Amino acid sequence: MKDRFRLLNDKPQGTGPVIYWMDRDMRSRDNWALLYAQEQAFALKVPLLVIYNILPGFLGGTLRQHVFKIQGLKEVYDDLSAHNIPFHIVSGTHTEKDIVSFVTDVSAGLIVTDFSPLRIQRGWKEYVSKHVSVRCVEVDAHNIVPAWVVSQKSEIGARTLRPKLYKLLDEYLEAIPSLKKHPYNTDHKAPDIDWVVLEHDPHIDKTVSEVSLKGGMSHAQSALKKFITAKLSLYGKDRNDPLCEAQSNLSPYLHYGMISSARVVSEVVEHSGVSISKLIDAQKNKAKIDPKSELTLVDSASAFIEELVVRRELSDNFCLYNPQTYDTVDCFPAWALASLRKEEQSPREYIYTRAQFEKAQTHDDLWNACQKEMVETGKMHGYMRMYWAKKILEWTRSPEDALSIAIYLNDRYELDGRDPNGYAGIAWSIGGVHDRAWFGRPIFGLVRYMARSGCESKFDVKAYIQKFSPEVSLFAKK
DNA sequence: ATCGGCTCGCGCAA
DNA sequence: TGCGCGAAGCCGAT
């Protein structure tokens, strides 16, 4: 097993049970943190317990994210029970303290957790590793190559991360073992959980309604199957057309770790019929391919791997090495921020408040359609996310206002909100992060501009607007 | 429909 | 030191 862990403290290992503190990766299959914890428990011949703390309203999350998460946790609970691994789900407002009291109560000998580059989670982990008396280990169960292994600095863009990642990818894409039925019993049985009560937690913000997409490992797996059999071959050609069903729709599942990106990669590789290194080469040689030539399945698979792996892992790199600034304008490259500052006095044709954006009340029916897609479905098409965020910059007084409005809306309405991908994507759109400088223009400075006319030439804007324009109630009934 | 210019800075070759 | 080129573009000329 390739090393994917690092120590969070230098305390000794105890003799009690091994605890996997599940946080970012809510799955029992293909989870390297859980597998590492079980491997350690086998070596020590001790029980293995899993704990998850539900923090209601985490970073602006609402009912839709909560319900999606509970659906996923239920499946994990059942699967872990079948493997004789008790899953303790607690609900509390001080995650770090709740975890410390749990591990103290069960006299844990070793704590294993999964990795997240986000500030709040890193703070919890620092607190826990300080306040317990035993060893704490962090495993990157989310990225294929652990974020701290692939690079030790904030990368300038995909082009600098890509070669580092590709050098290690093959090695880290080893076959993932199955979870075993755990042979060591514990007195700390999993408590019975009333899922209905949990779902109806009174602390959850119910002003944003549930969506139809269902959470959990099996729904994630069906979304993957559907993508591979019905959409993958179109991905190369149609992925930027919000009317074509060419996207994977996996990002909510990937965000919650309900599916492992390594699993997605291996199934895509298998279906494409060529090796991962061939897919990487196809991407590297993309420029040499005649753009007029028919895009093959291999080209599609290659483009998908680029987005699934390179850009996702770049987002983790971005948050990991800009922990204090990834959601502020201070993470913008100097050339971009300086040019945005110069443009702060240029007149804005439209200025909207956060509430106007939230209610999809701009003059631009294309922008309003993007907003409605997100509010109604919990998911905005990837291409439209760029247009959406860039227009918020265009129609607010300052980059600060734009950034905070975009992050607020993203975290509140997207099922995959509060993810490094969201912060990186918004910083790319508004602040030129991971992008190059472009021809200067009012408001945007050197940050890449996007125009509605560009959308008009790429897809059927009218049809997209139509799809989300019927006057459906945007907000849950009180 | 297609092309070139716009703009900055990193990584690498020389 | 110089050169190539980049996370998804725009615009005007042809």
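Just so it is clear, the structure is predicted and the values come from calculations on it, not from any experiment. The chains referred to below are lettered A, B, ... by the order of the sequence lines, with proteins before strands, and numbering in each begins at 1.
- With rounding to whole Å, A/Glu155 atom CD is found 11 Å from B/dG11 atom C1'.
- Each of C/dG9, C/dA7, B/dT7 was ranked by its minimum atom distance to the side chain of A/Trp428; first place goes to C/dA7.
- Under the side-chain hydrogen bond (donor to acceptor under 3.5 Å, both in side chains) test applied with A/Glu307, the options A/Gln247, A/Arg239, A/Arg312 reduce to a single match, A/Arg239.
- Backbone-only engagement by A/Trp335 is indicated by non-hydrogen atom pairs under 4.0 Å involving sugar-phosphate atoms exclusively.
- No donor-acceptor pair under 3.5 Å is formed between the side chain of A/Ser300 and the backbone N or O of A/Leu297.
- Side-chain nitrogen and oxygen atoms of A/Arg441 include none within less than 4.0 Å of the OP1 or OP2 phosphate oxygen of B/dC6.
- Atom CZ of A/Phe439 is separated from atom C1' of C/dG6 by 19 Å (rounded to the nearest Å).
- Taking atom CG of A/Asp435 as the reference point, atom C1' of C/dA7 lies 6 Å away to the nearest angstrom.
- Atom CZ in A/Arg159 sits roughly 12 Å away from atom P in C/dC5 (whole-Å rounding).
- Taking the ring centre of A/Tyr408 as origin, the terminal cationic atom of A/Arg354 falls inside the region bounded by 6.0 Å and 45° from the ring axis.
- Checking the phosphate oxygens (OP1, OP2) of C/dG6, no side-chain nitrogen or oxygen of A/Thr160 falls inside 4.0 Å.
- Rounded to a whole angstrom, the distance from the C1' atom of B/dT2 to that of C/dA7 is 23 Å.
- A/Met386 comes within contact range of at least one nucleobase, with a heavy-atom separation under 4.0 Å.
- Considering only side-chain N and O atoms, A/Arg162 lies under 4.0 angstrom from the phosphate OP1 or OP2 of C/dA7.
- Judged by Watson-Crick or G-U wobble contacts below 3.5 Å, the nucleotide C/dA7 has no partner.
- Remark: the A/Tyr256 side chain and the A/Gln65 side chain contain no N/O donor-acceptor pair separated by less than 3.5 Å.
- Going from the C1' atom of B/dA14 to that of C/dG4 covers 14 Å, rounded to whole Å.
- A/Phe332 places its CZ atom 17 Å from the C1' atom of B/dC8, with the value rounded to the nearest Å.
- For the pair A/Tyr383 OH and C/dA7 C1', the interatomic distance rounds to 12 Å; values are reported in whole Å.
- In the set C/dG9, B/dC10, B/dC8, B/dC8 carries the atom at the smallest distance from any side-chain atom of A/Leu446.
- Computed from coordinates, the A/Leu337 CG to B/dT7 P distance equals 20 Å when rounded to whole Å.
- Nucleic acid contact class of A/Lys153 (heavy atoms, under 4.0 Å, all strands): sugar-phosphate only.
- The partner of B/dT2 is C/dA13, judged by Watson-Crick or G-U wobble contacts that both fall below 3.5 Å.
- A side-chain hydrogen bond (donor to acceptor under 3.5 Å, both in side chains) with A/Ser251 holds for exactly one of A/Asn421, A/Asp416, A/Asp419; it is A/Asp416.
- A donor-acceptor contact shorter than 3.5 Å links the side chain of A/Lys391 to the backbone of A/Met450.
- What separates CZ of A/Arg239 from P of C/dA7 is a distance of 13 Å, to the nearest Å.
- Salt bridge absent: A/Lys164 and A/Glu313 never bring a charged side-chain N and a carboxylate O closer than 4.0 Å.
- Listed nucleotides: C/dC11, C/dG6, C/dA7. Nearest to the side chain of A/Arg436: C/dG6.
- Residues of residues 389-402 of chain A that place a heavy atom closer than 4.0 Å to DNA chain B do not occur.
- Listed for the A/Asp238 side chain is no donor-acceptor partner under 3.5 Å among the backbone atoms of A/Ala246.
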